[in-house]
Amino acid sequence: MILEHLGFGSLKILGLALLAGLLFRGVFNKYGHGLHNIPGPWIAGFSDLWRLFLVRRRHAQEEHIALHQKYGPIVRLGPRVVSIADPDAIKTIYSPSAGWSKSQFYPVQQALAKGKRLETMFNTANDRYHAKLRRSVSNSYAMSTLVAFEPFVDSTSIEFLKQLKTRFVDKPGEDGICDFGAWLQFYAFDVIGELTFSKRLGFVEKGADVDNIIRDLESFLDYVSWDYANSMNHLKVGQIPFLDNLLIKNPLKLWAAQSGLINTSAPVAQFARKHITERQNDESLGEEKSRRGDFLNRFKEARAKDPDFITEQLVLALTVANMFAGSDTTGITMRAVFYFLLKNPSTMNSLLAEISEKSKAGGFSREDGLPQWEEVRDMPYLGAVINESLRCHPAVGLTLERMVPANGVKLAGYFLPGGTIAGCSAWVLHQSTDVYGKDAADFRPERWLEATTEQRRKMNNTLFSFGAGARTCIGKNISLLELYKLVPAILRRFELELAHPEASWKTHNAWFVRQREFYVRLKERKQIL
Ligand code: HEM
């Protein structure tokens with residue numbers, strides 16, 4: 001009706017006005033934010049759509065590396081977004097006292113439980129809330145408590161090795177091909193379930209995704225990295241939450257969920273809630289069990305100290321943060337370690353030699369072959385392999401975005417006004433030939449052993465797989481515990497070979513860089529190595 005009344009001429013004027021508005025907006029985006037002198041693709045400054053489509057192609061990590069190779073240490077990715085490749089910038093951007101908050105990219109990652117956002121340490125952009133929360137629970141993740149976590153890791157490892165043996169070992173043809181990438185992910189999910197609730201999710205026993213937890217998490221990551229909200233920033237329609245608020249966090253949907261009319265809770269939040277309730281029931285029946293070193297118990301202790309701040313909802317958020325941040329990331333790194341070892345036989349042989357030497361010298365105590373943290377934590381070649389895998393395939397595949405503080409800052413030779421989104425990507429930093437040598441593109445663990453003390457310090461400071469500064473990964477020690485223990489545990493029991501030696505895995509960057517099509521065959525060793 002309205003269109004009929006308007007007539008063709010009016011529509012034309014409307015169309016032209018709209019076009020002029022868009023053009024004006026594009027030109028303002030390009031030249032109005034004080035970033036027009038920053039190098040980068042000409043088109044990137046006009047709209048966030050350019051980087052939206054870059055991320056949607058799912059290989060952003062490689063495209064970011066190529067952009068920095070072409071344009072240098074600073075590249076403009078959007079109207080108000082830059083990527084930095086200068087290792088010296090890490091201190092400026094991420095240091096605890098720098099006042100660079102996380103960008104609005106992070107709150108999009110807040111999962112829902114009964115229609116309420118779970119604001120976690122990982123996804124909050126509120127620095128004061130974050131600092132208080134991190135202080136309240138940092139003890140739970142401390143290196144000194146790692147030993148208490150070992151039995152949880154061992155229990156999943158025993159089941160994992162058993163399942164590999166019964167399902168794949170020495171089987172001919174297709175039956176003997178193990179989708180090792182999937183199995184390592186099952187393992188990582190089950191370990192984090194066990195560490196957090198003293199309960200495995202059951203992936204390893206079933207050899208499958210339980211309750212679609214992995215499927216849900218992956219589609220959530222696809223949603224997050226699609227970056228709806230950032231794409232709208234330049235339109236000033238409401239910063240990040242706009243599309244997120246229309247889609248997953250639509251207020252009507254949240255209201256219906258809070259009223260119990262619909263269920264918006266992520267499967268992982270449902271799993272967490274179920275186990276928290278179970279624990280409460282056990283406690284009310286006086287059934288204190290031996291699982292008491294787990295995260296849930298530690299978070300409940302933090303709640304007992306400060307019940308006004310650490311609410312029941314926050315305990316739930318803390319457990320969900322563990323599952324979200326600590327499962328896929330660790331699984332991805334485990335895949336990287338085994339894949340690189342299998343693709344580089346001389347590296348595999350060096351590691352096997354180190355393990356065998358240690359074993360002959362009586363360096364492993366358990367008869368079932370599971371190494372203990374104290375036995376493996378100082379194995380130099382194993383450490384070098386893990387570091388090099390973290391360097392060559394960091395789990396997180398986009399820039400860790402932060403907001404430039406109000407007064408602006410000079411970085412990589414350019415002034416960035418306050419409010420600019422700036423960040424580094426581990427994938428880009430790890431290609432620095434200044435830090436890692438001319439062969440930085442290659443997987444070569446020996447670089448960590450050959451480096452001088454000063455070089456190694458630089459290499460460690462630039463290793464960005466766990467982030468840096470105030471928001472650095474709080475679960476780093478846990479994931480290292482898992483990696484250092486699992487790699488020798490598998491290699492001592494099994495001989496592994498690629499099922500399709502000529503093929504490469506496929507990667508998919510949806511914030512985390514997941515790998516697919518990593519298949520192996522397993523043979524059991526006659527004797528544990
Ligand atoms: C190899 C495995 C892991 C990798 C590569 C990894 C990577 C990261 C990165 C890059 C960050 C910083 C994100 C940012 O600044 O935007 C981070 C934060 C975090 N990670 Fe991890 N992570 C791993 C394992 C874990 C584990 C096992 C847990 C839990 C047990 C965990 C829990 C967290 C939490 C809670 C944060 C937020 C910390 C904060 O902001 O204070 N991560 N992780």
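Scope of the values below: all heavy atoms of this structure, side chains included, with no hydrogens, waters or symmetry mates. Order of listing sets the numbers, starting from 1, for every ligand and every atom in it.
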Inset, instruction - Could you tell me whether ligand 1 has any atom less than 4.0 Å away from a heavy atom of Tyr106? - result: yes
Inset, instruction - Give the residue and atom name of whichever protein heavy atom lies nearest to atom 36 (C) of ligand 1, and the separation in Å to one decimal. - result: Phe122 CD1, 3.6 Å
Legend entry - Nitrogen or oxygen atoms of Tyr141 and ligand 1 under 3.5 Å apart: no
Legend entry - Cation-pi geometry met for Arg391 and Tyr436 (6.0 Å, 45°): yes
Legend entry - Proximal atoms of ligand 1 relative to Gly467 (non-hydrogen, under 4.0 Å): 10 (C)
Inset, instruction - Provide, to 0.1 Å, the distance between atom 1 (C) of ligand 1 and the closest protein heavy atom, together with that atom's residue and name. - result: Thr333 OG1, 3.2 Å
Inset, instruction - Of the side chain and backbone of Leu483, name the one, both, or neither that has a heavy atom under 4.0 Å from an atom of ligand 1. - result: neither
Legend entry - Proximity flag Met323 to ligand 1, non-hydrogen atoms under 4.0 Å: no
Inset, instruction - Using non-hydrogen atoms of the residue, decide whether Leu195 is closer than 4.0 angstrom to ligand 1. - result: no
Inset, instruction - Heavy-atom contacts with Ser479 under 4.0 Å: which atoms of ligand 1 show up? List them by number with element. - result: 1 (C), 2 (C), 24 (C)
Inset, instruction - Flag the pair Arg279 and Asp294 as a salt bridge only when some basic side-chain nitrogen lies within less than 4.0 angstrom of an acidic carboxylate oxygen. - result: yes
Inset, instruction - Using a strict 4.0 Å threshold on nitrogen-to-oxygen distance, state whether Asp48 and Arg51 make a salt bridge. - result: yes
Inset, instruction - Mark the output for Thr124 as yes if a heavy-atom distance to ligand 1 is under 4.0 Å, and as no if none is. - result: no
Inset, instruction - Output yes when Arg447 and Glu388 qualify as a salt bridge under the 4.0 Å nitrogen-oxygen rule, no when they do not. - result: yes
Inset, instruction - Check if Glu401 has a non-hydrogen atom at a distance under 4.0 Å from any atom of ligand 1. - result: no
Legend entry - Location of contacts on Arg471 toward ligand 1, heavy atoms closer than 4.0 Å: both
Legend entry - CA sep, side-chain torsions, deciding dist, call: His393, Ile332, side-chain contact (heavy atoms from CB on, under 4.5 Å): CA-CA 8 Å; His393 192 101; Ile332 286 169; 3.6 Å; yes
Inset, instruction - Flag His130 as yes when one of its N or O atoms lies below 3.5 Å from any N or O atom of ligand 1, and as no otherwise. - result: yes
Inset, instruction - Decide, yes or no, whether a salt bridge links Glu159 with Lys206 under the criterion of side-chain N to carboxylate O below 4.0 Å. - result: no
Inset, instruction - Give a yes-or-no answer on whether the side chains of Thr507 and Arg516 include a donor-acceptor pair shorter than 3.5 Å. - result: no
Legend entry - Salt-bridge contact Glu63-Arg57 (side-chain N to carboxylate O under 4.0 Å): yes
Legend entry - Leu400 and ligand 1 - part of the residue with a heavy-atom distance under 4.0 Å: side chain
Inset, instruction - Would you check whether Ser465 has a nitrogen or oxygen atom less than 3.5 angstrom from a nitrogen or oxygen atom of ligand 1? - result: no
Inset, instruction - Report the residue from Arg56, Arg514, Gln61 that forms a side-chain hydrogen bond (donor to acceptor under 3.5 Å, both in side chains) with Asn509. - result: Gln61
Legend entry - ligand 1-proximal atoms of Lys476, by part, heavy-atom distance under 4.0 Å: neither
Inset, instruction - Identify whether the distance between the nearest side-chain nitrogen and carboxylate oxygen of Arg200 and Glu205 falls below 4.0 Å. - result: yes
Legend entry - Geometric N/O contact Arg402 with ligand 1, under 3.5 angstrom: yes
Legend entry - Min N/O separation Asn322 to ligand 1 under 3.5 Å: no
Inset, instruction - Could you tell me whether Met121 and ligand 1 have an N or O pair separated by under 3.5 Å? - result: yes
Legend entry - Glu482/Lys485 ion pair, N-O < 4.0 Å: no
Legend entry - Atoms of ligand 1 close to Thr472 [distance to a heavy atom under 4.0 angstrom, numbered from 1]: 38 (C)
Inset, instruction - Could you tell me whether Lys343 sits above the aromatic face of Phe340, with NZ or CZ closer than 6.0 angstrom to the six-membered ring centre and within 45 degrees of the axis? - result: no
Inset, instruction - Start with the C-alpha gap between His275 and Ser198, add the side-chain angles, then the distance that decides, and say whether side-chain contact (heavy atoms from CB on, under 4.5 Å) holds. - result: CA-CA 9 Å; His275 288 295; Ser198 304; over 6 Å; no
Legend entry - Proximity winner for atom 22 (N) of ligand 1, if only heavy atoms of Gly475, Cys473, Pro394 are counted: Cys473
